[in-house]
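These values consider heavy atoms only, across backbone and side chains, with no hydrogens, waters or symmetry-generated copies. Order of appearance sets the numbers: ligands from 1, and atoms from 1 within every ligand. In this text the structure is predicted, and so the values were computed from the model without any measurement.
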Amino acid sequence: MESIFELKAIQMFIDTCHQSWLKGWNERNGGNMSYRMTEEEAASVRPFLNEKTQPRPIGLRVENLANEYFIVTGSGKFYKNILREPENNICVIRVDETGENYRIVWGLAEGGVPTSELPTHLLNHSIKKERTNGQYRVIMHAHPANTVALTFLLPLEDKAFTRNIWEMITECPIVFPAGIGVLPWMVCGSSDIAYATGEKIKKYDAVIWSHHGIFCAGPDFDTTFGLMDTIEKSAEILIKVMSCGGKKQFITPEQILALSEPYHVDIDAQMLS
Ligand code: 2HA
Ligand code: ZN
């Protein structure tokens with residue numbers, strides 16, 4: 001390998017950020033993304049890494065992520081610029097052997113630090129790694145407009161969001177059969193929002209931060225981006241329906257639950273009770 005950009009995961013990371021920008025989900029420095037690298041990926045790029053940089057505290061402890069490498073967006077960096085200048089806008093970090101500190105080992109060439117939401121990303125990676133046997137690797141946070149708009153209109157409850165968003169596109173309950181979590185407004189970048197999101201992410205793959213944005217987790221870039229895209233599309237339909245005077249008919253709970261068997265998913269019936 002002659003350049004770190006030959007690594008598919010780096011290419012996918014950059015491309016996914018750019019797709020998110022094109023969707024309009026990342027105004028200015030809005031949003032952040034992280035990817036937990038495989039051992040093989042980390043080994044293949046080791047010649048390009050500087051492991052001797054200064055350690056910095058994460059702000060919480062993520063023991064099961066000790067010595068893991070992550071690709072992460074930079075704090076205050078604009079998604080608009082990632083495709084053109086990836087080395088100045090994203091970085092690779094390594095969590096140390098205690099799970100309490102990290103080092104920037106590549107990237108942010110003109111200076112900077114990882115996303116302000118790093119504690120939330122790492123805590124939620126830690127939880128998803130444990131719960132999915134290491135399968136989940138991607139976390140995306142962004143500010144899609146229709147999803148945020150709904151947090152001014154619907155009750156800020158998991159059930160209300162799940163049911164309303166499921167109802168807008170038949171595929172929704174198949175794509176996220178566990179539903180969606182909702183948090184009240186909170187200070188972003190804090191360990192409080194990290195822990196609150198962590199509680200919700202135990203059950204869901206998507207958590208809405210009221211009056212702010214959405215936080216999604218998944219096994220790979222396409223699935224995680226696809227989840228955010230599906231939720232935002234549904235939210236857009238709901239906003240259009242509400243703007244046109246509201247629902248005149250809807251998919252019934254029985255119809256939603258009828259999708260479980262043919263699509264081999266476990267749609268949570270409690271969301272519809
Ligand atoms: O990166 O989106 O939540 C800026 C943010 C913080
Ligand atoms: Zn945000």
With distance as the sole test, does Thr115 use its side chain to make a donor-acceptor pair with the main-chain N or O of Ser75 at under 3.5 Å? no

Kindly indicate, with the supporting measurements, whether the criterion side-chain contact (heavy atoms from CB on, under 4.5 Å) is fulfilled by Ser273 and Lys159. CA-CA 9 Å; Ser273 61; Lys159 260 188 175 182; 3.1 Å; yes

Check the pair Ile214 / Glu232 against side-chain contact (heavy atoms from CB on, under 4.5 Å), numbers first and verdict last. CA-CA 9 Å; Ile214 185 164; Glu232 171 60 5; over 6 Å; no

Taking atom types as modelled and ignoring hydrogens, do the side chains of [X] and [Y] form a donor-acceptor contact shorter than 3.5 angstrom?
X      : Y      : answer
Thr53  : Asn50  : no
Trp209 : Thr197 : yes
Ser126 : Asn64  : yes

Test: ring-ring contact (aromatic ring centres under 6.0 Å, His included). Region: residues 27-75. Which pairs qualify, not counting sequence neighbours?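 Residue pairs passing ring-ring contact (aromatic ring centres under 6.0 Å, His included), neighbours aside: Tyr35-Phe221, Phe70-His125.
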
Do any nitrogen or oxygen atoms of ligand 1 lie under 3.5 Å from a protein nitrogen or oxygen, and which ones?
| unit_1 | atom_1 | unit_2 | atom_2 | d |
| --- | --- | --- | --- | --- |
| ligand 1 | 1 (O) | Asn29 | O | 3.0 |
| ligand 1 | 1 (O) | Gly31 | O | 3.3 |
| ligand 1 | 1 (O) | Asn32 | ND2 | 3.1 |
| ligand 1 | 2 (O) | Gly31 | N | 2.9 |
| ligand 1 | 2 (O) | His141 | NE2 | 3.3 |
| ligand 1 | 2 (O) | His143 | NE2 | 3.0 |
| ligand 1 | 3 (O) | Glu117 | OE2 | 2.5 |
| ligand 1 | 3 (O) | His141 | NE2 | 3.3 |
| ligand 1 | 3 (O) | His212 | NE2 | 3.0 |

Heteroatom count (protein N, O or S) under 2.8 Å of the Zn ion (ligand 2):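 Protein heteroatoms (N, O, S) closer than 2.8 Å to the Zn ion (ligand 2) number 3.
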
Go through the steps to decide whether Gln19 and Leu22 satisfy the test side-chain contact (heavy atoms from CB on, under 4.5 Å), and finish with yes or no. CA-CA 5 Å; Gln19 298 299 329; Leu22 294 176; 4.2 Å; yes

Set of side-chain contact (heavy atoms from CB on, under 4.5 Å) partners for Glu6, sequence neighbours left out: Met1, Glu2, Ser3

